[in-house]
**Q** 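One structure follows; several queries about it will come next.
One is the number of the first residue; the rest follow in order along the sequence.
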Amino acid sequence: MITPKFMRPLAWLVLAGIVFVTISPIGLRPHTVTTVDFDRALTYAVTGFIFVLGYPKQWKLIVLLLAVGAIAIEALQYFSPTRHARLHDGIIKGMGAAIGAMAAHGLLKIRARKAAPKAPAEPASSSAALD
């Protein structure tokens, strides 16, 4: 079973990788076979998912911080001469983060429900036993 103790450093490493790829020169940006918007959303969805698995009780804060952080990291591109910051890109990233974080939260709720012990069946009526 994957534990929060394992997921926490992984989440921070993934986020550091995102920051590097976002502000590095355009030539260092990885190339994939999908559209850039899909890449952005998927990358942040995975990041949100991993963060919630690492910090399950703070899932709402993670959604907020990753969504706002996505726009802030996008704005860092103003400092790179080969990059251009766009609000559209930050919004796509923020939405991806929210989707991934909420998916992880839902998965954790399902797992908790399945792991919860079943309550014993209550007797039909205690007054019937007294008659």
**Q** With a 4.5 Å cut-off on side-chain heavy-atom distances among I, L, V, M, F, W and Y, is there a chain of contacts connecting I91 to Y44?
**A** no
**Q** Decide side-chain contact (heavy atoms from CB on, under 4.5 Å) for D37 and D89; before the verdict, give the C-alpha distance in whole Å, the side-chain angles of both, and the deciding distance to 0.1 Å.
**A** CA-CA 7 Å; D37 280 347; D89 296 347; 4.2 Å; yes
**Q** Do V68 and L87 land in one hydrophobic cluster if side-chain heavy atoms of ILVMFWY residues count as linked below 4.5 Å?
**A** no
**Q** Applying a strict under-4.5 Å side-chain criterion to I, L, V, M, F, W and Y, I'd like to know whether I99 and I62 cluster together.
**A** no
**Q** Which ring-ring contact (aromatic ring centres under 6.0 Å, His included) pairs, counting each pair once, include a residue from residues 67-108, with sequence neighbours left out?
**A** W59-H105
**Q** Under the salt bridge (charged side-chain N to carboxylate O under 4.0 Å, His left out) rule, what pairs show up with a residue in residues 17-27, not counting sequence neighbours?
**A** none
**Q** Which donor-acceptor pairs under 3.5 Å do side chains of residues 45-55 form with protein atoms, sequence neighbours excluded?
**A**
from : atom 1 : to  : atom 2 : distance (Å)
T47  : OG1    : T43 : O      : 2.8
Y55  : OH     : W12 : NE1    : 2.9

**Q** Taking E74 first and then K93, would you say they form a salt bridge - that is, a charged N and a carboxylate O separated by under 4.0 Å?
**A** yes
**Q** Within this structure, what is the CD1-CG distance for the pair I71 and L76, rounded to the nearest 0.5 Å?
**A** 12.5 Å
**Q** State plainly whether one hydrophobic cluster holds both I92 and M102, where clusters connect Ile, Leu, Val, Met, Phe, Trp and Tyr through side-chain heavy atoms under 4.5 angstrom apart.
**A** no
**Q** Distance check, rounded to the nearest 0.5 Å: Q77 atom CD versus T82 atom OG1?
**A** 8.5 Å
**Q** Just how far is it from atom CD1 of I73 to atom CG of L15, taken to the nearest 0.5 Å?
**A** 5.0 Å
**Q** Is there a side-chain contact between R40 and V36 (heavy atoms, below 4.5 Å)?
**A** yes
**Q** Closest heavy-atom contact between A70 and G94?
**A** CB-N, 3.8 Å
**Q** Is it possible for you to say whether L10 and L108 belong to one hydrophobic cluster, with membership spreading through side-chain heavy-atom contacts below 4.5 Å?
**A** yes
